[in-house]
Amino acid sequence: MLLFSHLDSHKHKDKHKDREHRHKEHKKDKEKDREKSKHSNRSIVVQVPPHSGPSSFRSLVIQIPRHSSRLGLLEIGLNLNHSEHKDSEKKHKEKEKTKHKDGSSEKHKDKHKDRDKEKRKEEKVQNFPVEKEEIKASGDAKIKKEKENGFSSPPRIKDEPEDDGYFAPPKEDIKPLKRPRDEDEWEEERYPEGIKWKFLEHKGPVFAPPYEPLPENVKFYYDGKVMKLSPKAEEVATFFAKMLDHEYTTKEIFRKNFFKDWRKEMTNEEKNIITSLSKCDFTQMSQYFKAQTEARKQMSKEEKLENEKLLKEYGFCVMDNHRERIANFKIEPPGLFRGRGNHPKMGMLKRRIMPEDIIINCSKDAKVPSPPPGHKWKEVRHDNKVTWLVSWTENIQGSIKYIMLNPSSRIKGEKDWQKYETARRLKKCVDKIRNQYREDWKSKEMKVRQRAVALYFIDKLALRAGNEKEEGETADTVGCCSLRVEHINLHPELDGQEYVVEFDFLGKDSIRYYNKVPVEKRTGILNKHLQDLMEGLTAKVFRTYNASITLQQQLKELTAPDENIPAKILSYNRANRAVAILCNHQRAPPKTFEKSMMNLQSKIDAKKEQLADARRDLKSAKADAKVLKDAKTKKVVESKKKAVQRLEEQLMKLEVQATDREENKQIALGTSKLNYLDPRITVAWCKKWGVPIEKIYNKTQREKFAWAIDMADEDYEF
DNA sequence: ATACCGACTTAGAATATGGTAA
DNA sequence: TTACCATATTCTAAGTCGGTAT
């Protein structure tokens, strides 16, 4: 699906440029087609089976069901009655509630068959974040203060990452699906309504190093003449110089925005002289920085040491009873804004963040971090309804930036877990929802029909919700609910198929269809509807659900029991790839792709040659053995055989690697792996087939998914 | 209602790292 | 030992979504 690669430019103001862009896109498409043809199981035009989720992933074109007409997916008659469904849902919810209210007594009287499961679940849930003794310890948290590490922190802080007991889940049955209700309930036990922590202490952010003026010998030229810039103007100039090799600096908008902001930093004299960016010569600066980068590489050892020190000092905080890794404790340095796509603000100056911009968040009983000497914080607050430690307002969009915890932290892990549990609940009712939205296509109410079509796209194509965004503030991009007429084409018949909807955000070769587009305008309404269908259901849950279920399906389908580990890993990657394609996680083909493929190929060739040699040796050894028949020659034969085997294996490994890399040329696996695939599916698969988890998850990923690694056994079902 | 904003997740590019070939 | 490359990590932009102000 190319939907997202087209999002950048559908404003057709500049015709020439646009054509250029389209051309590029087209080329991309062709490349994709080529790749597609390698995998015959994927087709360009997708048919929608009556009751299914995503079936094919590379589709640009989707066939819509027979009963929809060209004049709108919406012109579908009939009435629809939700009430039955809604009522039953409501009843269900009610039941849940009462269950929870008197939960304690219920344990004794409940004859429900799920009872034991429920109980186990509860235990598990309590175990998840902290071990029992730690829970007990939390009571003294506030009393003990001023520890040697400078934190006035509670006792028994766990150094989490190495500690595999951290998430201490039960080893027993994990199959019963938890309803998030349970998690909420448990959350409520520990943290009533929205409370995220009780104790939070940290050292504050690390600021960007101050600007160091350029050495005298590095010159800036204006209109061919040397010019010494004032420190402020010089600093901003260096931001541009550092990007000189980048395509950005050739873009009109980028240059215009940069120049405007740069001039603001100039002295009056400078402003008078420097009136045109094209007369500026930054090449010496640029070269100087390149040399600096080189030099820094040489002393990377000292640099590393320094970084480690910084990490140790500022990279951790204490949240409740745990010492937790902080994700981004360094404040973003000043520079030029690099928006993605056709961003109207690219090139603008991202100003330096000062302590006076910073809001510190920590608990009242924590030691407040001290601002750098001579400075003070904008504010210190104690808001335990949020998870961030530090925030500031950025000057490009005026949005707030945060310092938060690492994915390995308890607070992030729990949330992640919860996310997949919600997706699993969707699994239980997805058929019902699919039937309903198909019914809703026939509704006489336009809004209902629109909503149903939007939902269908979200489910079928894993589209994002598509919130409204401020025009002119960001690049013009769309999602499901913000699709515009120019992004869609309906064909009663195309390439031999009937009723085809063509999504083409660039609209290159398509004819415009000037009619109302069958999509919901306001996502709020959509999400409200989803909430009625299932508690906690929002548009993005479909992405999570469809991604995870696809991984599970694909793994089942692709894993051949007898194949060796490298082949299994290829199968895993292919399953992962199916998901990445579904979610449209693309990447620019690596700059060195061709070369690296060639390298690999020559390795393969070399290996083949070795193998041929080894086989020849084996043959002659066998011949010798036939004649001589002594123990020594037999041994030789054996060792030659082994050598051949070893080489065969190595060759196979290389070939698998080549296939994998080729298939992965413009697909990014990381995003789905990190954000959409229930890690327990992967853990279970690894256990089932004896694939070491390290082959699939690197260190960081293992840390992030520690909860799942502990939790899932080989029978886990999403 | 709608607009707006705050908090949080998701995302690909840029950069650093560390192992291996030369 | 260095150059090179693949992979891991960092960086921060750009989404989603729900709550609150208008």
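In what follows, every heavy atom counts, from backbone to side chain, and hydrogens, waters and symmetry copies are set aside. Chain A is the first sequence line, chain B the second, and so forth, proteins listed ahead of strands; every chain is numbered from 1.
Put simply, A:Asn467 has a side-chain N or O that comes within less than 4.0 Å of OP1 or OP2 on C:dT16. The phosphate of C:dG15 has neither OP1 nor OP2 within less than 4.0 Å of any side-chain N or O from A:Lys540. Residue A:His343 has no polar side-chain atom (N or O) positioned under 4.0 Å from OP1 or OP2 of C:dA13. For the pair A:Lys304 and B:dG18, the criterion of a side-chain N or O lying under 4.0 Å from OP1 or OP2 is met. At the phosphate of C:dG15, OP1 or OP2 sits under 4.0 Å from a side-chain N or O atom of A:Lys469. An OP1 or OP2 oxygen of B:dA13 is reached within less than 4.0 angstrom by no side-chain nitrogen or oxygen of A:His246. Note on A:Thr700: every side-chain N or O is 4.0 Å or more away from OP1 and OP2 of C:dA8.
Residue A:Arg661 has its side chain nearest to C:dA6 when only C:dA6, B:dA14, C:dA8 are considered. Picking from C:dC5, C:dG18, B:dG12 the nucleotide with the shortest atom distance to the side chain of A:Asn527 gives C:dG18. Set against B:dC8, C:dA8, B:dT9, the side chain of A:Asn698 has C:dA8 as its closest nucleotide. Looking at the side chain of A:Gln397, the nearest of the listed nucleotides C:dA14, B:dC8, C:dA13 is C:dA14. Taking only side-chain atoms of A:Arg543, from C-beta outward, the nucleotide of B:dA11, C:dG18, B:dC8 with the closest atom is B:dA11. Here C:dC5 is the nucleotide among C:dC5, C:dA8, B:dC8 with the atom lying nearest to any side-chain atom of A:Lys595. Side-chain proximity of A:Arg340 to B:dG12, C:dA6, B:dA16: nearest is B:dG12. When the nucleotides B:dA11, B:dA14, C:dT16 are ranked by their closest atom to the side chain of A:Ala465, C:dT16 comes out on top. Closest to the side chain of A:Met404, out of B:dA7, B:dT10, C:dA13, is B:dA7. Distance from the side chain of A:Lys350 is smallest for C:dT12 among the nucleotides B:dA11, B:dA16, C:dT12.
Judged by distance alone, the side chain of A:Asn328 and the main-chain N or O of A:Lys330 form no donor-acceptor pair under 3.5 Å. Remark: side-chain polar atoms of A:Glu421 are not paired, donor with acceptor, to backbone N or O of A:Arg424 under 3.5 angstrom. At distances below 3.5 Å, at least one donor-acceptor pair connects side-chain atoms of A:Asp320 with backbone N or O atoms of A:Phe199. Between the A:His382 side chain and the A:Cys362 main chain, a donor and an acceptor come within less than 3.5 Å of each other.
Using a 4.0 Å heavy-atom cutoff across all strands shown, A:Gly398 reaches no nucleic acid atom at all. Within the nucleic acid shown, A:Ser596 comes within 4.0 Å of sugar-phosphate atoms alone, with no base atom in reach, counting heavy atoms only. No engagement by A:Lys297 is indicated, since no non-hydrogen atom pair under 4.0 Å with the nucleic acid exists. Using a 4.0 Å heavy-atom cutoff across all strands shown, A:Ala588 reaches sugar-phosphate atoms only and no base atom. Residue A:Pro407 is classed as having no contact, given no heavy-atom separation below 4.0 Å to the nucleic acid. At the heavy-atom level, A:Thr387 lies under 4.0 Å from the strands shown only through sugar-phosphate atoms.
Between A:Thr474 and A:Gln701, it is A:Gln701 whose nearest contact on DNA chain C lies nearer the 5' terminus. Residue order along DNA chain B, read from the 5' end via each residue's closest nucleotide, puts A:Tyr402 first among A:Lys591 and A:Tyr402. Position along DNA chain B of the nearest nucleotide to A:Arg338 versus A:Asp416 favours A:Asp416 as the more 5'-ward residue.
Between A:Phe258 and A:Phe282, the ring planes are perpendicular. Angles over 60° get that label, and only those under 30° would be called parallel.
Between the P atom of C:dT12 and the CZ atom of A:Phe239 lies a distance of 12 Å, rounded to the nearest Å. Atoms CG (A:Asn406) and C1' (C:dT12) sit 16 Å apart, rounded to a whole Å. Atom CG of A:Asn599 and atom P of B:dG19 are 20 Å apart (whole Å). C:dA13 atom C1' lies 13 Å from atom CG of A:Asn328, rounded to whole Å.
Between A:Tyr314 and A:His202, the ring centre distance reaches or exceeds 6.0 Å.
With A:Asp357 as reference, A:Arg351 is the one residue of A:Arg351, A:Lys401, A:Lys378 to meet the salt bridge (charged side-chain N to carboxylate O under 4.0 Å, His left out) rule.
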